[in-house]
Structure formats: structure tokens, C-alpha cells
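Report on the following structure.
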Amino acid sequence: GRARLSHSDPRGWDGRGGEEEEVEEEEGWHRLYPGHIPTSPLQKALLAAGSAVMALYDPYRHDMVAVLGETTGCLALPNLRDKMKHHPEGYRILQERPRIRLSTLDMSRLRGLPDGSLGREYIRFLEDNKVSPDTRMPPKFVDDEELAYVIQRYREVHDLMHTLLGMPTNMLGEVVVKWFEAVQTGLPMCVLGAAFGPIRLSARKLQVLATELVPWAIRSGLNASCVLNVYYEQRWEQPVESLREELGIFPPP
């Protein structure tokens with residue numbers, strides 16, 4: 001059979017302009033957004049187990065990390081959505097569905113901002129670490145269109161968390177950011193990464209992580225307001241130090 005679902009968002013957070021999309025129904029399931037793959041609880045459990053094993057074996061398998069986040073976030077994602085709905089800036093983000101992608105970023109303008117500003121330091125982070133916001137995978141296994149946007153937003157602000165926390169993309173930096181995100185979001189995927197990521201670190205780095213970085217990341221995560229409630233696209237000119245202070249993130253050790 002065929003069904004036509006109208007997307008209420010005129011901006012089309014999925015990158016398709018918000019037009020009506022023709023979607024297929026298969027065996028009583030229907031796709032809630034482009035790319036959505038309907039799955040049963042059993043299928044989600046199997047996907048979660050398999051992706052967890054692969055993500056632990058190779059933490060840089062971002063596709064497996066993404067699947068793990070989607071299939072285990074059934075409790076954390078609604079909580080994050082509710083936090084956004086009850087915050088003026090977060091609510092506006094849910095309504096307008098902004099995206100952080102190369103197609104939406106004015107790279108020349110951001111490079112021209114003063115040193116220390118969020119936009120300039122974000123571009124510096126992307127260039128220094130040779131990463132791109134376009135590498136963030138679109139959601140597939142979240143069975144709610146609004147929650148699918150929430151996890152997409154979380155993925156797209158991940159590099160901004162690195163920028164705010166002053167952490168690189170090496171294993172040590174990723175583990176620190178995961179500790180902060182685990183406290184902030186409650187996503188099991190973040191908890192798993194925070195707990196098992198350190199097993200690949202050297203003894204010296206483990207000591208620094210345990211004595212300095214993890215305590216700081218946990219305190220900052222607990223003290224900070226929800227990082228998804230910041231309309232970063234409208235804060236590019238704001239100094240990083242000012243935004244850290246506003247959110248309640250302690251200065252990096």
C-alpha cells in the first residue's frame with residue numbers, strides 16, 4: 001500500500017525542503033520520516049546488542065554508535081524533548097528545526113569572527129581535527145518524528161561540545177566529552193562510551209582522566225543547563241567563555 005504523510009515543518013529538517021513525501025507502508029508499519037526503518041522491540045534489542053559489541057570493538061565505527069544511540073534512547077530522548085519544550089530557546093529549536101551542516105554554515109563569515117568567539121573557535125576545531133558536520137548520520141530507528149530530530153540535533157551539536165569543553169577528537173578527548181554528555185543527556189550510548197572508552201588509554205592518560213578530567217566533566221555536566229536548549233546558530237558571535245559561564249560549564253583543567 002501507499003500513504004502520503006505531510007511534514008508540518010516548512011524548513012524540512014531532513015533536508016528535503018518540508019515537501020510532502022511519498023512513503024511506503026510495509027506489513028502494517030509506515031515510515032514517519034525519510035530514511036525511517038520501523039522496527040519491533042525485539043529487532044531493536046538485537047540491533048542494540050550487535051551495535052554495542054561493534055562499537056566497543058571499534059569506537060570509531062560511528063555508524064554503530066549511531067544505531068546504539070537510537071535503539072537504546074527510548075527513555076532519555078523523551079526526557080530531552082521535554083526539557084526543550086519547557087525552555088523558550090529549546091522550544092523554538094523544536095519548532096524551527098535548524099540544522100548544522102556545511103550547506104547551512106557561512107564558513108567565510110565564521111572564519112572572519114574574532115578569536116575566542118563561538119563561531120571562530122568552532123571552525124578552528126573543525127579544521128584542526130579535520131572533521132565535518134556532514135558526517136553525522138541521519139536517524140533511522142527512532143519511531144517518533146520529533147524524537148528523531150532531537151537525536152539528530154544532539155549529533156550535530158556534538159562538535160560544539162568539543163569546542164565548549166576544549167577537547168580534541170582523540171580517544172581521551174572523546175571519553176571526556178562522553179562523560180559530560182552522559183550526565184547531560186542520560187543516553188545509554190554515552191554512558192557506555194564513558195565507561196568503556198578508557199580501556200584503550202595508556203596508564204598515564206588514565207591517571208589524568210581519573211584524577212582531573214572525569215571529575216571536571218561530571219561536575220560541569222551536573223552544573224550546566226541543558227546544552228540542547230542553546231540556539232547555537234544565533235550565538236556565533238558570543239565568546240566561548242561567556243557561553244560557558246552562561247551554561248554553567250566550569251573552565252577546563
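Quick caveat: nothing in here was measured; it's all calculated off a predicted structure.
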Open item on the list: In this structure, would V191 and V175 fall into the same cluster of hydrophobic residues linked by side-chain contacts under 4.5 Å?
Closed with: no
Task: Heavy-atom closest pair, residues A76 and L187 - done: CB-CD2, 3.7 Å
Open item on the list: What's the separation between atom NZ in K130 and atom CG in D128, rounded to the nearest 0.5 Å?
Closed with: 8.0 Å
- [ ] Flag yes if V53 and F141 sit in one hydrophobic cluster, no otherwise; membership is Ile, Leu, Val, Met, Phe, Trp, Tyr, and two members link when side-chain heavy atoms are under 4.5 Å apart.
- [x] no
- [ ] Give me the ring orientation class for H36 and Y33: parallel if the planes are under 30° apart, tilted from 30 to 60°, perpendicular past 60°.
- [x] tilted
Task: Residues E145 and R97 bridged, charged N to O under 4.0 Å - done: yes
Open item on the list: Keeping Q184 on the side-chain end and L222 on the backbone end, is there a donor-acceptor pair under 3.5 Å?
Closed with: no
TODO: Go through the structure and list residues passing side chain to side chain donor-acceptor pair (under 3.5 Å) with D134, not counting sequence neighbours.
DONE: none
- [ ] Taking all heavy atoms of A148 and all of P139, pick out the closest pair and write down the distance.
- [x] O-CG, 3.5 Å
Open item on the list: Whether R92 and E233 form a salt bridge (side-chain N of Lys/Arg under 4.0 Å from carboxylate O of Asp/Glu) is what I want to check.
Closed with: no
TODO: For L75, look at atom CG and say whether over 12 heavy atoms of other residues, nucleotides or ligands are found less than 6.0 Å away.
DONE: no
TODO: Take L165 and I249, measure what side chain to side chain contact (heavy atoms under 4.5 Å, CB included) needs, and give me the verdict at the end.
DONE: CA-CA 8 Å; L165 298 173; I249 298 174; 3.8 Å; yes
Task: Check against side chain to side chain contact (heavy atoms under 4.5 Å, CB included), E174 and T169 - done: CA-CA 6 Å; E174 290 291 353; T169 58; 3.9 Å; yes
TODO: May I ask you to decide whether R153 forms a salt bridge with E156, counting only side-chain N to carboxylate O separations under 4.0 Å?
DONE: no
Open item on the list: For the CD atom on E245, are there more than 12 heavy atoms of other groups (residues, nucleotides or ligands in this structure) within a distance under 6.0 Å?
Closed with: no
Task: Non-hydrogen side-chain atoms of P38 and R31 separated by less than 4.5 Å - done: yes
Open item on the list: Using the rule that Ile, Leu, Val, Met, Phe, Trp and Tyr join whenever any side-chain heavy atoms are under 4.5 Å apart, tell me whether M171 and L213 fall into a single cluster.
Closed with: yes
Open item on the list: Is there a side-chain contact between L68 and V65 in this structure, where contact means two heavy atoms from C-beta onward sitting under 4.5 Å apart?
Closed with: no
Task: Expected output: side-chain T104 to main-chain R99 donor-acceptor under 3.5 Å - done: yes
- [ ] Start with the C-alpha distance between T135 and V131, add both sets of side-chain angles, then the distance that settles side chain to side chain contact (heavy atoms under 4.5 Å, CB included), and finish with yes or no.
- [x] CA-CA 8 Å; T135 59; V131 295; 5.8 Å; no
Open item on the list: List the residues meeting salt bridge (charged side-chain N to carboxylate O under 4.0 Å, His left out) with E127, not counting sequence neighbours, and say none if there are none.
Closed with: R111
Open item on the list: Is there a continuous path of hydrophobic side-chain contacts, each under 4.5 Å between heavy atoms, that joins V176 to F250?
Closed with: yes
TODO: To the nearest 0.5 Å, tell me how far L126 CG sits from T163 OG1.
DONE: 7.0 Å
Open item on the list: Keeping R136 on the side-chain end and Q152 on the backbone end, is there a donor-acceptor pair under 3.5 Å?
Closed with: no
Task: Heavy-atom donor-acceptor pair, W179 side chain to I218 backbone, under 3.5 Å - done: no
TODO: Taking all non-hydrogen atoms of both residues into account, name the closest pair between T39 and Q43 and its distance.
DONE: CA-OE1, 3.2 Å
Open item on the list: Distance check, rounded to the nearest 0.5 Å: K85 atom NZ versus I93 atom CD1?
Closed with: 14.0 Å
Task: E181 side chain near Y154 side chain, heavy-atom distance below 4.5 Å - done: yes
Open item on the list: I'd like to know if the side chain of Y149 and the backbone of P98 have a donor-acceptor N/O pair within less than 3.5 Å.
Closed with: yes
Task: Nearest heavy-atom neighbours spanning G90 and N229 - done: CA-OD1, 3.3 Å
Open item on the list: Taking V183 as the starting point, is it possible to reach V230 by hopping between hydrophobic residues whose side chains are less than 4.5 Å apart?
Closed with: yes
TODO: Mind running side chain to side chain contact (heavy atoms under 4.5 Å, CB included) on L164 and Y122 for me, showing each step along the way?
DONE: CA-CA 9 Å; L164 284 172; Y122 174 60; over 6 Å; no
Open item on the list: Any non-hydrogen side-chain atom of I151 less than 4.5 Å from a side-chain atom of L147?
Closed with: no
TODO: State, yes or no, whether a side-chain contact exists between D115 and R124 at a heavy-atom distance under 4.5 Å.
DONE: yes
- [ ] Kindly give the heavy-atom pair with the smallest separation between A52 and L192, and that separation in Å.
- [x] CB-CD2, 4.2 Å
Open item on the list: Would you compute the distance between atom SG of C226 and atom NE2 of H86 and round it to the nearest 0.5 angstrom?
Closed with: 13.0 Å
Task: Check: K44 and D143 side chains under 4.5 Å, non-hydrogen atoms - done: yes
Open item on the list: Would you say that S132 contacts R101 through its side chain, given a criterion of any heavy-atom pair below 4.5 Å between the two side chains?
Closed with: no
TODO: Could you tell me whether K140 and E70 have a side-chain N and a carboxylate O separated by less than 4.0 Å?
DONE: no
- [ ] Measure the spacing between CG of L243 and CG of L118 and express it to the nearest 0.5 Å.
- [x] 6.0 Å
Task: Heavy-atom side-chain proximity of M64 to M189 below 4.5 angstrom - done: no
TODO: Specify the closest pair of heavy atoms between L113 and S117, including all atoms of both residues, with the distance to one decimal.
DONE: CB-OG, 3.3 Å
Open item on the list: With rounding to the nearest 0.5 angstrom, report the CG to SG distance, N79 to C74.
Closed with: 12.0 Å
- [ ] Output every pair passing side-chain hydrogen bond (donor to acceptor under 3.5 Å, both in side chains) with a member in residues 191-219, not counting sequence neighbours, ordered by first then second residue.
- [x] W216-S220
Task: side-chain hydrogen bond (donor to acceptor under 3.5 Å, both in side chains) between Q238 and E246, intermediate numbers included - done: CA-CA 11 Å; Q238 184 173 357; E246 177 185 334; 3.1 Å; yes
